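Here the structure is laid out as structure tokens; the discussion comes afterwards.
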Amino acid sequence: GQQLNQSPQSMFIQEGEDVSMNCTSSSIFNTWLWYKQDPGEGPVLLIALYKAGELTSNGRLTAQFGITRKDSFLNISASIPSDVGIYFCAGYSNSGYALNFGKGTSLLVTP
Amino acid sequence: NAGVTQTPKFQVLKTGQSMTLQCAQDMNHNSMYWYRQDPGMGLRLIYYSASEGTTDKGEVPNGYNVSRLNKREFSLRLESAAPSQTSVYFCASSEWDRGNYGYTFGSGTRLTVV
């Protein structure tokens, strides 16, 4: 599958801080997705992006589909303890069939 | 609506033993997938099934076989378990065969091979 580079690998922040993470690919993607995985559970879809330049929000979460179609960003504003988990970017390119996943960003939020 | 159901949730195997991981979805999705998750490696695709009656290899298929029993069920079999197969296994399904609506994941099977 296509390699997705997700950064940072981990973040340790205080409650109330904003968070930003990103994902890049060497190939063009036509779909970008962001998932969150709570401990002991499967990933759950947060935001889906289908067009270059698209900016989509879901509550305190905002994600953008990069203009080059090779990157995507996820921002979390005013973090709270329940934001703790692993965030995965995922993308789908025309040359592949199944979603490709990044290695994840582990987020820890202290009260 | 249960979504994607995986059984068992936990399993310990001895090296060389065989077992089948079960997955069923009740969303009438055409496509189903098996991933494994290892620390620092993210989610890696083992096998997928674009539709009932078809299966294809993913990124890490060695040591595994799959069966798409019907539209609802997609099983993963380990014929001779090895310690390298210790992992968390996730089944997922999607509406479109190209997954544009994203995947719905099960809660995982935690497998330890000793």
Side-chain angles (χ1 to χ4, degrees), chain A residues 1-10 21 23-25 28-52 54 56 58 61 63 65 69 72 74 85-106, chain B residues 2-7 9-10 21 23-25 27 29-51 54-61 66 74 87-110:
Chain A
Q2 302 293 337
Q3 193 74 19
L4 293 183
N5 298 307
Q6 187 173 350
S7 64
Q9 188 173 9
S10 61
M21 59 190 78
C23 200
T24 61
S25 170
I28 290 175
F29 276 56
N30 56 30
T31 301
W32 282 99
L33 305 166
W34 286 92
Y35 283 84
K36 183 195 177 193
Q37 183 180 29
D38 290 326
E41 297 295 329
V44 173
L45 182 65
L46 297 174
I47 293 178
L49 303 158
Y50 300 112
K51 294 189 299 184
E54 181 179 354
T56 298
N58 178 6
L61 277 63
F65 192 141
R69 296 173 66 190
S72 180
L74 175 69
I86 302 176
Y87 292 79
F88 290 101
C89 63
Y92 177 75
S93 67
N94 285 330
S95 62
Y97 183 91
L99 278 175
N100 299 283
F101 285 83
K103 294 184 178 181
T105 294
S106 179
Chain B
V4 177
T5 302
Q6 291 183 237
T7 57
K9 291 188 181 302
F10 301 93
L21 281 65
C23 175
Q25 52 94 6
M27 298 169 286
H29 285 172
N30 286 316
S31 302
M32 298 185 73
Y33 313 83
W34 276 104
Y35 284 85
R36 60 177 289 174
Q37 183 178 25
D38 303 292
M41 299 296 290
L43 291 156
R44 293 183 292 170
L45 183 66
I46 305 171
Y47 270 93
Y48 64 94
S49 172
S51 60
T54 69
T55 61
D56 286 283
K57 295 179 180 179
E59 181 184 355
V60 288
V66 291
F74 188 38
S87 187
V88 182
Y89 291 86
F90 288 100
C91 176
S93 68
S94 67
E95 173 67 24
W96 280 18
D97 61 358
R98 293 169 80 82
N100 279 346
Y101 289 118
Y103 295 176
T104 300
F105 283 87
S107 58
T109 294
R110 284 143 188 85

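Numbers restart at 1 for each chain; the letters A, B, ... are given by sequence-line order, proteins then strands. Note that this is a predicted model, so its numbers are computed, not measured.
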Note to self: Is it the case that the side chain of B:Y103 and the backbone of A:P43 share a donor-acceptor pair, with hydrogens and angles ignored and the cut-off at 3.5 Å?
What the structure shows: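 Pair absent, no side-chain N/O of B:Y103 close to backbone of A:P43.
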Note to self: To check you understand the geometry: which heavy-atom pair defines the closest contact between B:S107 and A:E41, and what is its length?
What the structure shows: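 Closest approach of B:S107 to A:E41, heavy atoms only: CB-OE1, 3.7 Å.
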Note to self: Any non-hydrogen side-chain atom of B:Y48 less than 4.5 Å from a side-chain atom of A:L99?
What the structure shows: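 Contact flag for B:Y48/A:L99 side chains = no.
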Next item on the list: Under 4.5 Å heavy-atom distance to chain B, tell me which part of A:Q6 shows up: side chain, backbone, both or neither.
Entry: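 The answer is neither part of A:Q6.
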Margin query: Please classify the contact between B:R110 and chain A as side chain, backbone, both or neither, with a heavy-atom cut-off of under 4.5 Å.
Written below: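 Side chain of B:R110 only, per the 4.5 Å heavy-atom cut-off to chain A.
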Margin query: Given heavy-atom pairs under 4.5 angstrom as the criterion, report whether the side chain, backbone, both or neither of B:L43 touches chain A.
Written below: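 When you check distances to chain A, atoms from both the backbone and side chain of B:L43 fall under 4.5 Å.
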Check: Who passes side-chain hydrogen bond (donor to acceptor under 3.5 Å, both in side chains) against A:Q9, sequence neighbours left out?
Finding: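 Counting only residues at least two positions away or on another chain, A:Q9 forms no side-chain hydrogen bond (donor to acceptor under 3.5 Å, both in side chains).
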Please report the interatomic distance [atom1]([X]) to [atom2]([Y]), rounded to the nearest 0.5 Å.
X	Y	atom1	atom2	answer
B:L45	A:N100	CG	CG	8.5 Å
B:Q37	A:F88	CD	CZ	4.5 Å
A:Y35	B:F105	OH	CZ	5.5 Å

Check: In terms of heavy-atom pairs under 4.5 Å, which option from A:A90, A:S106, A:G40 contacts chain B the most?
Finding: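 Max contact count across the listed options: A:G40.
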